[in-house]
K.L.:
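This is the structure, below, for whatever I ask next.
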Amino acid sequence: MPSNNWEAVIGLEIHAQLLTESKMFSVDSASFGGADNEYTSPVSLGMPGALPTINRRGVEFGIRMGLALNCNIRTRSVFSRKNYFYPDLPKGYQISQFDEPICEKGYVDIYLDGKPKRIGVTRAHLEEDAGKSTHHGDYSLINLNRAGVPLLEIVSEPDIKTPQEAAEYARTVRNILRYLGVCDGNLEEGSMRCDCNVSVRKTGEKKFGTKVELKNINSFRFVEKAIDYEINRQISCLESGERILQETRLYDSTKNRTYSMRSKEEAHDYRYFPDPDLLPLVFEQKWVDEIRATLPELPLEKAKRFQTQYGLPEYDALVLTQERAVAEYFENVAKLSGNAKASSNWIMVELMRELKESEKSIEEQKIRGEDLAELIQLIDKGTISGKIAKTVFAEMWAQGGRPADIVKTKGLVQVTDRAAIEKWVDEVMSASANQVNEYRSGKDKLFGFFVGQIMKVSRGQANPDLVNQVLKEKLKK
Amino acid sequence: MINVQSVAHLARLTLSSDEEKAFEAQLSSIVQHFSEVEAVNTANVEPLITPTDITLVFREDKKLAVQTAEEAMKNAPERSGNLFKVPPVV
Amino acid sequence: MSKNITELDLSTLVEKIGKKEISAEKVTAEFKSQIEKLNTRINAFITVSDDCLSQAKEIDRRLANGEKVGRLAGAPIAIKDMFCTKGLRTTAASKMLRNFVPTYSATVVERLRAEGAIVMGKTNQDEFAMGSSNETSHFGACRNPWNFDYVPGGSSGGSAAAVSARMSCAAVGTDTGGSIRQPANFCHLVGVKPTYGRVSRYGIVAFASSLDQAGPMTRTVRDAALILEVISGHDEKDTTSATKDVPKWSENLSAQLRGMKIGMPVEYFNHGIADDVRATVMRAADILKAQGAELVELSLPLTKFAVPIYYLIATCEASSNLARYDGVRYGHRADFSKQAAADLEEFYSRNRGEGFGSEVKRRIVLGTYALSSGYYDAYYKKACQVRRLLRQDFIEAFKKCDVILSPASPTPAFKIGERIDNPLEMYLNDIYTTSANLAGIPGMSVPAGFSHNKLPIGVQFLAAHFEEQKMLNAAFAIEQNLKLTAEVPYAIQ
């Protein structure tokens, strides 16, 4: 563990692939998959004379995300060329934005252990993705289906202090991207990538230490682990008198360590200059205002509203609003059932557990919002007990369907008929004569035992309140 | 003096030793020639890239299959199926 | 008869074909036989279309069926090898692309074809259009049809030679710093570089994106205006193409210049200008005056910086534009069978080092240097700032005049080999032409006489952005008065 007199300075560069139909600068498909080099065009292949054009939706998505990150949107920004040679980069340069990005000076609020923290966003800019190379020993193969797919690169301020904050920041950005529908935020598939800049310095020191860039991190858990490893590595280096090299290190999740890329490439000299094939990216403020007007309620706003409107605890509200689909599901159930707290509990406990175990999303499962609401109402009306409800829920998860139907066909309706309950109570008391005697001689704790037995013989259908009442009366005698 | 060798490396160009020598002298004289431009006062002058006032027209986000993978590969010096083949990149 | 056909200009040929006085096939066959006769000596074409006769037959068939044919129906046109032509080899005169066959056509080529033009083949040029003499071509120098010992100019030298030697009735070229106007000037042709943004650059091998424009090279002003009408106009594939309407320049030509003000910048008549050239321009000025124009003296003090900032900007953009030629997806791949590449860097360096010729490499090195860390502000940024000032000078100048008259080049054509070893001297040849590219304004050269040793001399006209009609009219006045269009190059007579 890092000793107390060191502190880490962390900044994240998040690359988000935007969910456009065509590529950022060409008409070929931006979809995942495709046969080898099927989604290409003379433009994305960098053929002689091919020229880029600007995808309106790509820009719109950039503005949407910029607004959600509380950025200033520049109505005049510039596309520049970043020049370097690599086989997956067809033109020998990447079209990106350099000194005049479309989004600047924003922030993201995150919650960690119930405490809010604001992380600055330096900038977010539009650029194009590279293709993919696969390695086969003495040769490599290049597929350019992904070359030219729009990316938004979101650069944070070095405001992040711990690995946990970094992961939470990344999760929050992912949630916003998904809320806006501009990126599916999948780290494993690489549609969202987190590069982490990490340095350490003595606590209280004003100057930054030498920064190391971590790449190849494909889950939020690994964001935390990679940074944690790197902080410790840097501290031990410095404590043993070594120097930190400014370099890019890759994270190996199987060994949980970072290792140097050991590129013998000279210090990069990207020779940025404005792309003369593209005019400056100029649009009217009116367009920005229109996009702002269509922004959905974002996770944190929603969480605040859930607290006031539904009286949910902060924790519940934060959990339920991470995914837009879950939040919408909750609101639907809460409204239809008229019981927000129960809706929250069922979703957070039962439904989310099942989703996690089955690795499904809320859209992919069988329980419709109105069915869960009905289940809650059945409990609230006393038609079924909470225990029965869990059985019904399991059936709903497995097969789908309306809970009232399940209760009916499986005969699970709660029994509130006093005569029937007296019969079960009598049955249990006569079968456990010894325990009855013990209870009557003062062993009060046995009351629970009787209740359990009664529920068992009634197959859970006995109304618990009535059971308590009848049992107490009969045991007194 | 321009270090032609290091610039040629940045540009990924093998030069013959004759070229290297000739370029050094020629480029120096061209750069020398350019140095006259330093005399022009450009304070607060915005650099000009596109010299005509042209209104930006966006492309609508519609995908279009403009070529097949086979066409993409047509001029490839070396290929494996429909993938471009190069020396190992790692 | 055969001589007659190739002596006709494009507008006349199209008219005669349209009236079925001659067949498109016959016209194409005549020009094709001229290619067969002269190309081995002049080296104007790198690749000749093997389907030009069938293209012509298709025009004849449509005419016979009463179908609509285009404004250029049956006109044999040569295409500079910078324009991609689907299915027809496109080399940019480089070893790098010597086997490259595009799967798409440049918008200019598509528009020419849509109007019925016959693509005769792909013409010689300086490699990647980098040169002023056509001597840097991988496929060898091209000769000036007026005197085989002389260069045809460059970079569109093959296009100029092809039209001049009656191997096609017109050509399209590209002009980054004078590459249409200077060879037109050297070969007794009309050559137009339109306003930047008039013509789509899609599918044209890029040299310097903010300077490149395509344009026509013809024997008459009317032909140039007609081709320009066909190839101009917004193209959704080129963001830098303008959405301005395209006027009917060819129909609006007028040699009557009453009220027109002709500016003559003092800086364009300084040192280095050949006596023959000066005299030719002065005679042109007299003609314009006689046609009713008023001559205005002007100053464009930044002119002396045009060549240095041009070379800086052009090489910077080129160094990046030419990065795509890496031998991965297309283009020259070095032979690694005997000696494998030690690493990726060597792989790239050998492909590129072998694929590019010396002039191209020299410019890539210069551009790479000027963009590299620590030099950007002093070179590229500075050049772009001066570029804005230079453009401003022209905007001011065009408040005082309608067109500018100047020499197109300080001297007539020079001998092959004479300047190739001195790049700086070669670059200075572009002194009168580069400003138009930097400022984005239209410019053209028009034949205006001959030197003492019987080499063509033209004059240049410049106009304000999108004011092509004014300079075409001034050039038309010169053409109508001097009546030099029928002159045939001595060397091919």
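Chain letters run A, B, ... following the sequence lines, proteins first and then strands; every chain starts at 1. Keep in mind that this is a model prediction, so the values were computed, not measured. Just so you know, these numbers use all the heavy atoms, side chains as well, and skip hydrogens, waters and symmetry mates.
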K.L.:
Does any backbone or side-chain atom of A/F273 lie under 4.5 Å from a heavy atom of chain C? Answer side chain, backbone, both or neither.
P.N.:
both

K.L.:
If we define contacts as heavy-atom pairs under 4.5 Å, which of A/N83, A/V43, A/D138 has the most with chain C?
P.N.:
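Most heavy-atom pairs under 4.5 Å with chain C: A/N83.
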
K.L.:
Taking C-beta and beyond as the side chain, do C/E345 and A/F85 meet within less than 4.5 Å on heavy atoms?
P.N.:
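No, every pair of side-chain atoms sits at 4.5 Å or beyond.
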
K.L.:
For C/Y196, is it the side chain, the backbone, both or neither that has a heavy atom under 4.5 Å from a heavy atom of chain A?
P.N.:
side chain

K.L.:
C/Y325 versus chain A, heavy atoms under 4.5 Å apart: side chain, backbone, both or neither?
P.N.:
side chain

K.L.:
Chain A: which of C/A206, C/S372, C/A370, C/P102 shares the most heavy-atom pairs with it under 4.5 Å?
P.N.:
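Most pairs with chain A among the choices: C/S372.
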
K.L.:
Can you confirm whether more than 12 heavy atoms, excluding those of C/E236, are under 6.0 Å from its CD atom?
P.N.:
no

K.L.:
Would you indicate whether the side-chain heavy atoms of A/L51 and C/R201 approach each other to under 4.5 Å?
P.N.:
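Side-chain contact under 4.5 Å: yes.
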
K.L.:
Compute whether any side-chain donor of one residue and acceptor of the other, for A/R271 and C/Y376, lie under 3.5 angstrom apart.
P.N.:
no

K.L.:
Out of A/P48, A/P276, A/A50, return the one with the most heavy atom pairs under 4.5 angstrom to chain C.
P.N.:
A/P48

K.L.:
For C/Y375, does the OH atom have more than 12 heavy-atom neighbours from other residues, nucleotides or ligands under 6.0 Å away?
P.N.:
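Not more than 12 within 6.0 Å, no.
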
K.L.:
Need one label for A/Y84: side chain, backbone, both or neither, based on atoms under 4.5 Å from any heavy atom in chain C.
P.N.:
neither

K.L.:
Tell me, side chain or backbone of C/N321 under 4.5 Å from chain A's heavy atoms, or both, or neither?
P.N.:
both

K.L.:
Tell me, out of C/T240, C/L371, C/L211, who's got the most heavy-atom pairs with chain A below 4.5 Å.
P.N.:
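Maximum pair count with chain A is reached by C/L371.
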
K.L.:
Heavy atoms only: give me the nearest A/R81-C/E317 pair and the separation to one decimal.
P.N.:
NH1-O, 4.1 Å

K.L.:
Enter the distance from C/K237:NZ to A/S26:OG here, rounded to the nearest 0.5 Å.
P.N.:
12.5 Å

K.L.:
What residue in C/A323, C/C316, C/G331 has the most heavy-atom pairs under 4.5 Å with chain A?
P.N.:
C/A323

K.L.:
Examine distances only and state if a side-chain atom of A/D269 and a backbone atom of C/S373 form a donor-acceptor pair shorter than 3.5 Å.
P.N.:
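Yes.
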
K.L.:
Would you indicate whether C/K95, at its atom NZ, is surrounded by more than 12 heavy atoms from other residues, nucleotides or ligands within a distance under 6.0 Å?
P.N.:
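Yes, NZ of C/K95 has more than 12 neighbouring heavy atoms, counting only those of other groups under 6.0 Å.
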
K.L.:
Could you check which of C/F347, C/Y380, C/Y330 has the highest count of heavy-atom pairs closer than 4.5 Å to chain A?
P.N.:
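Of the options given, most contacts go to C/Y330.
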
K.L.:
Determine the option with the most heavy-atom pairs under 4.5 angstrom with chain A, choosing from C/D326, C/T103, C/T368, C/V328.
P.N.:
C/T368

K.L.:
I want to check something: taking the side chain as every heavy atom from C-beta on, are C/R329 and A/P90 in contact at a cut-off of under 4.5 Å?
P.N.:
yes

K.L.:
Does atom CD of A/Q285 have more than 12 heavy-atom neighbours, drawn from other residues, nucleotides or ligands, at distances under 6.0 Å?
P.N.:
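Enclosed: over 12 neighbouring heavy atoms sit under 6.0 Å from CD of A/Q285.
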
K.L.:
A side-chain contact here means heavy atoms from C-beta on lying under 4.5 Å apart; do A/M47 and C/V205 qualify?
P.N.:
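They are not in contact (no side-chain heavy atoms under 4.5 Å apart), so the answer is no.
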
K.L.:
Could you tell me if C/S209 and A/D277 have a donor-acceptor pair between their side chains, going purely by distance under 3.5 Å?
P.N.:
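On atom types as modelled, these side chains qualify, holding a pair under 3.5 Å.
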
K.L.:
Between C/T239 and A/P52 (side chain of the first, backbone of the second, donor and acceptor by atom type, cut-off under 3.5 Å), is there such a pair?
P.N.:
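Yes, the answer is positive, given that a donor and an acceptor are paired below the 3.5 Å cut-off.
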
K.L.:
Mind listing the closest non-hydrogen atom pair of C/Y348 and A/P87 along with its distance?
P.N.:
OH-N, 2.8 Å

